[in-house]
Amino acid sequence: MVALLSSLKPTARQRVGRLSSYLVGIIFIVLVIVVADWPTIAKQFANPEVAAKMWPGIVTIALRNTLLYTIASFILGSLLGILLAVLKVAGGPLGWFAIGFIELFRGIPALLTIFAFAFVVPIAFNVQVPGGAVGAGILGLTVVTGAYTAEIIRSGIEAVSPGQREAARSLGMTSGQTMFWIILPQGLRIVIPPMTNEFVMLLKDSSLLFIAGATVQSKELTTFARDSLSQTANATPLMMAALLYLLVTLPLTWLVGRLEKRLDPKR
Amino acid sequence: MSTLTPDLESSAPPVVITGLHKSFGDNEVLKGIDLTVEQGEVVCVIGPSGSGKSTLLRCVNLLEKPTAGSVRLLGAEMTDPDVELNQVRTHVGMVFQSFNLFPNMTALGNCMIAQRQVLKRSKAEALEIATRNLELVGLSDRMDYNPAKLSGGQQQRVAIARALSMDPKVMLFDEPTAALDPELVGDVLAVMRDLAEAGMTMMVVTHEMSFARDVSDRTIFMDGGVIVEEGPSIDLISAPQEKRTQVFLKRVLDPTHIEDSELGETEPD
Ligand SMILES: Nc1ncnc2c1ncn2[C@@H]1O[C@H](COP(=O)(O)OP(=O)(O)OP(=O)(O)O)[C@@H](O)[C@H]1O
Ligand SMILES: [Mg+2]
């Protein structure tokens, strides 16, 4: 069997791998269908009455907030990531600062960072962030995103051929001009797929904002679903939240695959 | 007291290299090069692979930092740590074997970006100059193409137009035709010949012996990090004096004819 598998061409082996994962999935589903207590499951996980009560708030408030928080921290975090990556590549004392920053926030759980930004930082530095604890929590998420995207963007910068830098410098461009006009545009293009992946991760990590607490209007999907869960003693809200997450992440994951194929120079 | 900025009016030799050494770690690649290039002179540098030709050229505009010695480029002392490097480089064009066009811009964009950012020319002026230079290299119908959509020969001519758009006083070429299909070499060499005839000061690393002989004023033969022989191109290529030059030229001009005894003598140490 092993010999047979390894004798297959890579694409054929991939196909066998995919088929076997389908097989496992099908067996699992069949088992669930046979064993499960369907009326109870329907009542607990797909209860139309509970669902109706959450509609449309779960979309107009919760999903909207999730997207809003994710996009905001992705944009700000990516800008921070670009800055950190450029500093790290440039080296020097600021480069060391960037390395320290990146390693710090990659090394501690995102939940802790968000907690610290939401409650510790405002008190310690006596600052008011717009949006209160949630706004401060989003800043924490931004910092985490900055640390992760910095490493992605740095790898993109370093993937640009050294000849590009030399050509720009030989025209008299400064290292800053070279970075901004020549290296970054190419490096960022290379990292579009992993950055999209990062966006998907961030969308899920935005659920960590629950720790900041939220008002009725500022709840994101997970907080919304958890609160509904405790009010209704029914898991339907969780199922709806999961579906809404998938509604956004699945197309994005599919897009990453497409982009990776399109940007792959070997194809 | 050395000069830190380029002098564009002077009629002094634009390139003066004295006692130039360059090592990469323990590997000494340039072992004392002395070379002066006069205004309007075209100098070809030939020699076997690994002899240090590219390194020499790259030391001229300080893409590589010399280990010892001095490089005076347009009157500026390039090895002085305080030299206005970008200011000097602005007036010295460089053309690479691998073209190194910016793939995120069109041919026109490639020719405009440094004009805009470095020379601070207006958009209209930069556009006009870029257009003129692309016409000069015969690419008026390819201005809006991305580099990926151009042939190697066209890409290299864009690279030349990009360098010319900065109004350089000196042009450095590092094997500009080595990466090209044979049928595309001629177009690039023709552009370079026109440039030479227009009086441009040029340093050209090349394996194109006919170009060296017919176009350049002087040819330098390098081997093992030193200048083994130099002289008027016609003399050096048709009647080389040094044994190593003779062996090299014989091999390059007639690649099928290699004698073992001659190969043995190419190693100096
Ligand atoms: N950045 C570098 N780091 C280490 N060694 C280098 C570097 N650049 C060049 N060298 C070494 O210096 C020597 C001379 O290289 P150089 O590129 O100048 O030769 P060349 O005469 O241009 O050869 P070719 O005709 O193959 O282009 C080679 O042995 C090369 O390995
Ligand atoms: Mg070379």
Side-chain angles (χ1 to χ4, degrees), chain A residues 78-79 81-83 85-86 89-95 149 152-196 258-267, chain B residues 5-6 54 57-58 60-64 73-74 84-105 109-120 126 146-148 155-156 158-174 179:
Chain A
S78 301
L79 290 175
I82 291 174
L83 181 71
V86 168
V89 170
L94 282 174
T149 54
I152 297 174
I153 293 165
R154 181 195 54 81
S155 73
I157 288 175
E158 286 174 356
V160 177
S161 119
Q164 292 290 311
R165 196 192 128 269
E166 291 178 353
R169 297 308 301 273
S170 77
L171 288 163
M173 292 170 80
T174 64
S175 51
Q177 289 170 334
T178 302
M179 181 56 78
F180 185 79
W181 294 101
I182 309 299
I183 309 292
L184 264 185
Q186 296 180 53
L188 289 178
R189 198 184 138 82
I190 295 171
V191 297
I192 289 173
M195 288 294 278
T196 313
R258 286 282 307 262
L259 287 172
E260 272 171 349
K261 274 187 195 150
R262 252 197 45 201
L263 294 176
D264 186 351
K266 288 191 288 293
R267 290 176 63 98
Chain B
T5 51
S54 298
L57 210 62
R58 294 159 60 82
V60 171
N61 67 354
L62 227 74
L63 282 183
E64 298 290 357
L73 187 53
L74 299 173
E84 296 291 341
L85 209 51
N86 296 322
Q87 217 180 316
V88 185
R89 282 174 174 162
T90 304
H91 303 285
V92 179
M94 185 157 197
V95 175
F96 302 84
Q97 177 175 346
S98 48
F99 324 136
N100 294 346
L101 289 183
F102 307 134
N104 52 327
M105 302 170 192
N110 268 273
C111 297
M112 287 173 68
I113 179 76
Q115 291 194 67
R116 298 275 289 139
Q117 298 303 321
V118 180
L119 301 177
K120 309 288 180 201
N146 272 12
Q155 287 189 51
Q156 195 60 298
V158 173
I160 295 174
R162 173 174 73 179
L164 291 179
S165 296
M166 304 296 284
D167 298 328
K169 301 288 173 220
V170 178
M171 285 284 288
L172 309 173
F173 293 86
D174 190 1

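Remember, predicted model here, so these are calculated numbers, not experimental data. The analysis underlying the following values was restricted to heavy atoms, covering all of them including side chains, and did not include hydrogens, waters or symmetry mates. All chains are named by letter (A, B, ...) in the order of the sequence lines, taking the proteins before the strands, and each is independently numbered beginning at 1.
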*asked:* Closer than 3.5 angstrom, by distance alone: can the side chain of B:Asn104 be matched with the main-chain N or O of A:Trp181 as a donor-acceptor pair?
replied: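 Here the side-chain-to-backbone pair exists.
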*Short question: side chain of A:Gln177, backbone of B:Gln117 - any donor-acceptor pair under 3.5 Å?*
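Here the side-chain-to-backbone pair exists.
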*asked:* Would you compute the distance between atom OG of A:Ser170 and atom CG of B:Leu62 and round it to the nearest 0.5 angstrom?
replied: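 The OG atom of A:Ser170 sits 12.5 Å away from the CG atom of B:Leu62.
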*Between CD of A:Gln164 and CG of B:Asn100, what distance do you get to the nearest 0.5 Å?*
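Result: 6.0 Å between the selected atoms.
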Side chain / backbone / both / neither for [X] at chain A, heavy atoms under 4.5 Å:
X: B:Phe102; answer: both
X: B:Arg58; answer: side chain
X: B:Leu101; answer: backbone

Under 4.5 Å, counting heavy-atom pairs only, tell me which of [options] racks up the most with chain A.
options: B:Leu172, B:Leu119, B:Val118, B:Ile113; answer: B:Val118
options: B:Met94, B:Met166, B:Arg162, B:Gln87; answer: B:Arg162
options: B:Ser165, B:Pro103, B:Pro168, B:Ser98; answer: B:Pro103
options: B:Leu85, B:Leu63, B:Val95; answer: B:Leu63

*With respect to chain B, which residue among A:Val160, A:Thr174, A:Leu171 yields the maximal number of heavy-atom pairs within a distance under 4.5 Å?*
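The candidate making the most pairs under 4.5 Å is A:Leu171.
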*With a 4.5 angstrom heavy-atom cut-off, could you sort out which part of A:Glu166 is near chain B: side chain, backbone, both or neither?*
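Contact with chain B is through both the backbone and side chain of A:Glu166.
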